[in-house]
Amino acid sequence: MNQTGRLSRTTRPRRYELLITPDLDASTFSGEVVVALEMSEPTDTIVLHAKGLDVALVELSQGGAPVAADLRIDAEREYIVITAQQPLLAGDAILELQFDGPISNGLFGFYRSTYLDEAGAERVLAATQFEAAHARCAFPCFDEPEFKAMFAITLVVADGLLALSNGPEIDREKLPDGNVRVRFGTTIPISTYLVAWVVGPLEVTEPVDACGVAVRVAHVPGRGHLTQFALDVGAFAIEFFEDYYGIAYPGEKCDLVALPDFSFGAMENLGCVTFRETRLLLDPDAATLDETTGAALTIVHEIAHMWFGDLVTMKWWNGIWLNEAFATFMQHLGIDAYKPEWKTWDEFALARAAALDVDALENTRTVEYEVVTPQDADGMFDLLTYQKGGSVLRMLERWLGADAFRAGVRHYLSRYQLSNTETTDLWDALEEATGRPVRRIMDTWIFQPGFPTVRVGEGRLEQRRFCYSGAGHDERWVLPVLARIHTGESVETRSLLTDAEVVPLEVPDGSLVVLNAGGEGFYRVAYPTAWRDRLLDAGVLQPLERFALVDDLWASVLAGDATAAEFLECARRFAGETDPVVWRAVVGHLRTASRLVEGEALERMRIEIAAIVKPATKRLGWDGHSDDARTRQLRGLLVNVLGSTTFDPETIARAREIHEHAEGADADVQAAAISVVASNGTADDFERFVARATETTNPQEQMRYLYSLAEFPSEELVLRAADLALSDEIRAQNGPFVIQRALRNREHGAVVWAFVRDSWPRVLARFSPSLIPRVVEGTTWLVEDGLPDDVLKFVAAHPVPSGARTIAQHMERLRVHRAAVERERDRFSAALLQAP
Ligand code: BES
Ligand code: ZN
C-alpha cells in the first residue's frame, strides 16, 4: 500500500483459478480462488481487494510448502490483508481463499436480473458488471487495471442453465448433486474489470464465423428472431478491426449477451460482451435508423475495445477517458465502413455539439484528470470523456490523415499488447509514426477545460475560450484550423496550426471564407452576420458546415452574444434544407427556442416552426418505402415536430391513423406516430401504451412506448408516468430516463419536479447512484419564475456523491437557460408578435 491507496506493485497476480457456485434461488454464491503470485521483494504481507464477501484463508504456500498466515478484513478500505508468520521470499507463491457473498440486487458486481417467461412466471439469472472497481464484490482480487492476469474460470450451475464466461467452454461434468460443472478456457492476461460470467435460463444462437472467431448472441428465450442483426454487425466488426489494427482478435470467441437488466449500454468483457437488450436485439425491418445505428455503434464500440482497452489497457483509471474516447471514435469509423450510407460521421456532429455544450460551462472539467480512488473515475463516464474525447481524436485524425493515424495506432497496439499504458504512450506512438507534434497539440485539448471560439475579422483570426457565462479566461489551444476560400470559381483549402491568440488570414478581396471547413473541429466559429449570410446565400457550405453554423449561432444566443430573433431569422433560411443532420440542429434549437416564450408568443413561435418545417414534409410525403434510411429518418423527425411541437391537426390525425391501422408504415414514421399520439393522447391511450410497453418482445418498441408516457398532455398522466418509473412496473435501468423526459414535458415539468422532489427517498432507493444524475438532467429547462431557485436549493441540499460534477453542470445549465429567458422573454416575444 502507499499513500494513494493503491496496492503495492511488488506482489503481482499471474493467474487466478476461480470457481463460482451461484445459488440463484437464495441469491447467494460461494467461491474458491487460487491465485498464483509473483513477488519482486520478500514480504510478509499480501493485500488484495474484497468487498461484501466473507473470506477465509485456505492456504498460503511457497515452493510447495504451506506458510502459516492469518487473514484480516479491512472493510473500510475494501482490503483483505494476509500476514505470513515468516516472510515469503521473492519469487512465486500460491494463495488459496474461500468466500461467499450475496448476489447483488443492484446492477454491479455479481448481480441478479429477472424476466417473465411465456407463462408469466419470473425467471432469475445472474451476471457480472465489474468496471470500474466491482470485481472485488464477486471474488478477492487485485482489483486495479494494472494487475493483468490469466483467468481460468469454472462455474457450477443447475442443470439446464446457460453458463458463459470470457473463455470458451472446454469441459462440462455432471456432479452427483445434479449440478453441472462448466470449465472455461484460460484467458490471456486481462485486468479484473474485464472478467465476466453469466448464468441463467438463457438461449444462445449458433455461432457465426468471423476470421475464425465464433460469434454468438445470448438472449432470453423467445427473442432468437432478433439476433441476426447483431451477429452480422459483430462479425463485420471483428473482420474490420483485425484489418485496421493489424492484430488478430485477442479472445477465443465472442459472445454478445443481451441482459434484461443492465446499468449502461454495454460492457467490453473480453470475449463475453454484455449489453442492455435495446443495444443488441433488433429487427432491422422494424427499427428506426436511430435505433439501428444506436445498436450497431454500441456493438462496434465494444468490439473495438477488445484490442484498445482489453489487449492494451490503461495503467490506472485516469486513462479511462482515452479508452472510451478511442472506442467512440472507432465505433464511427467501423460503422462508416459497414454502412457508408448511414453517414455516421455526420451523425457524430450531434455528439460533438453536445460536448461543446457542456464544455462551455464553468463547471466543465479537463478531459483527463488525476484519479485517486476508483470512485473518482465514475465521474469520467460522461460527455467530456466520450463525446469531447472522441471529437478531439477525430479532429486529430483529420489533421494527421487517416493512414498516418492508423499507422500510429498499430504501432501503439503492437508495442503494448498484453500490457498497460499511459495516455502519452499513444501520442508518442502517433508522433513516431507521423513526425507531427501530437503531444503538444493534444495536451492543450486534454489538460485544459473548454474550447476556443474563432472570431474572424478583416485579415485575422482570433481564438478565445467560449463560455456561456462570458467570464474571461486566457487559455490558448494548439488549434488545427481548416479554412476553405472560395474566390470566384476557384476553391482553396488552407490548414494552419496555431497557438497564437491572433493569426493573420490574408484572403483575396471578395472571396468567401469558410472556417472549420468540413465541420469536424472541436471549436466554434463566430462569423460577422453579413459574412454568415453570404455563406448561406452562396450555397457553398457542406452539410456539417451548415450544422456547425446553426449550432454555433444557437450557442451564441445562450451566451448572450446573439438574439433568439436572429436565430429564428437564420433558421428560416433552412426551409429548403435536405440533410437530416442539419435538420436535427435546426429543429432541435427551434424547439429549445420555443422554451423562451409563453402564451401568445409561444403560439406564434409554433406557427413559425411549422412554416419552416412544412415545405419539407410536403416534399417528403408520407410514404417512405422508396426512400433511403436517412430520408426516412428525416420524415420521422419532421412528423414528430409537426405533431408534438406545433400540434398540426392534419399531422396528428394522420399519425393516429398510422398508429392504429398502418402496419405497413416504415419504422421511422411509426415511431414518430407513437410520440405524436402520446403528445395528444387520452387516458385510454395511456393505458394501452403501458400495456404495449409491457407486452412487446421487441426492445426498441418497448422503449418507444415507455418513453412516450412522459409526453402525454395531461398533468395526471405525466405524473402517473413518473410514478410508474419509480415502481416495479418499469425496470430500474429505464426509470431514470422516463422521469427525465417527464421533467422535460413542456406543460407539466414543474408539477413533475414537485413530485420528484417530494419522492426523493424513493428515487434514491430505486435507482443505482450512477443513474441519479439522469433524473436531475431533466430539470435544466425548469425556467419558470421561482422554479430554478427551488431546484437549485433542493439539489444543493441533497448532494449525490457519484455524480457531483455532472449535477453541477446540469444546475449551471439551468442557470444559463434561466438567464436566457430573462434576456429574451420580452424582446423575443415582441419580435414574434410583430412578425407579419
Ligand atoms: N466500458 C464502458 C461501459 C461502462 C461505462 C462501464 C461506465 C463502467 C462504467 C463501455 O465500453 C461503454 O462505453 N459503453 C457505452 C456504450 C457506447 C456505445 C458509448 C455505454 O454503456 O453507454
Ligand atoms: Zn467503451
Side-chain angles (χ1 to χ4, degrees), residues 106-109 111 127-135 137 143 145 190-196 230 233-234 237 241 256-259 261-280 282 290-314 317 319-335 344 347-348 350-352 354-355 371 374-391 393 733-734 736-737 768-774 777 802-803 806:
L107 297 169
F108 295 95
Y111 72 93
T128 57
Q129 169 58 45
F130 289 165
E131 194 179 10
H134 307 288
C137 304
D143 198 12
I190 55 173
S191 305
T192 46
Y193 79 90
L194 296 167
V195 171
V233 176
F241 289 122
L256 307 172
V257 187
L259 295 170
D261 297 282
F262 195 76
S263 183
F264 304 108
M267 177 66 211
E268 70 269 28
N269 316 300
L270 180 71
C272 186
V273 186
T274 44
F275 294 80
R276 63 166 65 197
E277 289 186 333
T278 43
R279 301 301 187 102
L280 190 68
L282 178 135
D290 282 348
E291 291 161 350
T292 309
T293 54
L297 289 165
T298 306
I299 298 166
V300 175
H301 175 107
E302 304 311 334
I303 292 179
H305 273 311
M306 299 293 114
W307 290 261
F308 202 104
D310 292 10
L311 182 64
V312 177
T313 312
M314 62 272 166
W317 298 117
I320 278 193
W321 82 265
L322 180 60
N323 194 23
E324 294 305 343
F326 191 86
T328 300
F329 167 82
M330 271 300 163
Q331 76 195 34
H332 287 89
L333 208 65
I335 290 296
T344 172
E347 208 61 17
F348 187 62
L350 293 155
R352 180 169 38 242
V371 172
Q375 288 70 37
D376 297 343
D378 291 342
M380 266 202 183
F381 290 95
D382 66 2
L383 284 164
L384 293 159
T385 284
Y386 285 86
Q387 281 75 18
K388 180 178 181 180
S391 299
L393 288 174
Q733 65 169 7
N734 300 328
F737 300 93
S768 86
S770 66
L771 290 177
I772 301 291
R774 299 303 195 153
E777 196 175 338
S802 72
T806 317

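For reference, positions follow the sequence shown, starting with 1. Atoms within a ligand are numbered from 1 in the order they appear, just like the ligands themselves.
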Query raised in the report: Of the protein's non-hydrogen atoms, which lies at the shortest distance from atom 7 (C) of ligand 1, and what is that distance?
Result: F381 CD2, 3.0 Å
Query - Polar atom proximity, Q331 to ligand 1 (N or O, under 3.5 Å) - result: no
Query raised in the report: Is it true that a side-chain atom of S768 and a backbone atom of G106 form a donor plus acceptor pair closer than 3.5 Å?
Result: no
Query raised in the report: N/O of T298 under 3.5 Å from N/O of ligand 1, yes or no?
Result: no
Query raised in the report: Among protein heavy atoms, which sits nearest to atom 22 (O) of ligand 1, and what does the distance come to when rounded to 0.1 Å?
Result: G265 N, 3.6 Å
Requested in this report: Identify, for atom 2 (C) of ligand 1, the protein heavy atom at the shortest distance, and state residue, atom and that distance.
Outcome: E324 OE2, 3.2 Å
Query raised in the report: Given Q387, H134, M267, E302, which has its nearest heavy atom closest to atom 12 (C) of ligand 1?
Result: E302
Report task. Look only at interatomic distance and state if F264 has a nitrogen or oxygen under 3.5 Å from any nitrogen or oxygen of ligand 1. Result -> no
Query raised in the report: Non-hydrogen atoms of A327 versus ligand 1: any pair closer than 4.0 Å?
Result: no
Report task. Give the name of the N/O/S atom in H301 that lies closest to the Zn ion (ligand 2). Result -> NE2
Requested in this report: Among all protein heavy atoms, pick out the one at the shortest distance from atom 6 (C) of ligand 1; state its residue, atom name and that distance to 0.1 Å.
Outcome: E131 OE1, 3.1 Å
Requested in this report: Flag Y386 as yes when one of its N or O atoms lies below 3.5 Å from any N or O atom of ligand 1, and as no otherwise.
Outcome: yes
Report task. Work out whether the distance between some heavy atom of Q129 and some atom of ligand 1 is less than 4.0 Å. Result -> yes
Requested in this report: Please write down residue, atom name and distance for the protein heavy atom closest to atom 3 (C) of ligand 1.
Outcome: A266 O, 3.3 Å
Report task. Return yes if some donor-acceptor pair links the side-chain N/O of Q387 with the main-chain N/O of G389 below 3.5 Å, else return no. Result -> no
Query raised in the report: Relative to the ring of F308, is the ring of F326 parallel (under 30°), tilted (30 to 60°) or perpendicular (over 60°)?
Result: parallel
Query - Residue from T128, D310, T274 passing side-chain hydrogen bond (donor to acceptor under 3.5 Å, both in side chains) with N269 - result: T274
Query raised in the report: Atoms of ligand 1 less than 4.0 Å from H305 heavy atoms?
Result: 11 (O)
Query raised in the report: Is a side-chain donor or acceptor of D378 paired with a backbone partner of F381 at a separation under 3.5 angstrom?
Result: no
Query raised in the report: Any side-chain heavy-atom pair from L771 and F737 closer than 4.5 angstrom?
Result: yes
Report task. Taking R276 for its side chain and F262 for its backbone only, find out whether a donor-acceptor pair lies under 3.5 Å. Result -> yes
Query raised in the report: Can you find a pair of side-chain heavy atoms, one from E131 and one from Q129, that are under 4.5 Å apart?
Result: yes
Query - Test item: side-chain donor near acceptor, H301 and E268, under 3.5 Å - result: no
Query - Side-chain touch T278/E291, heavy atoms, less than 4.5 angstrom - result: no
Query raised in the report: Closest N/O/S atom of E324 to the Zn ion (ligand 2), by atom name?
Result: OE1
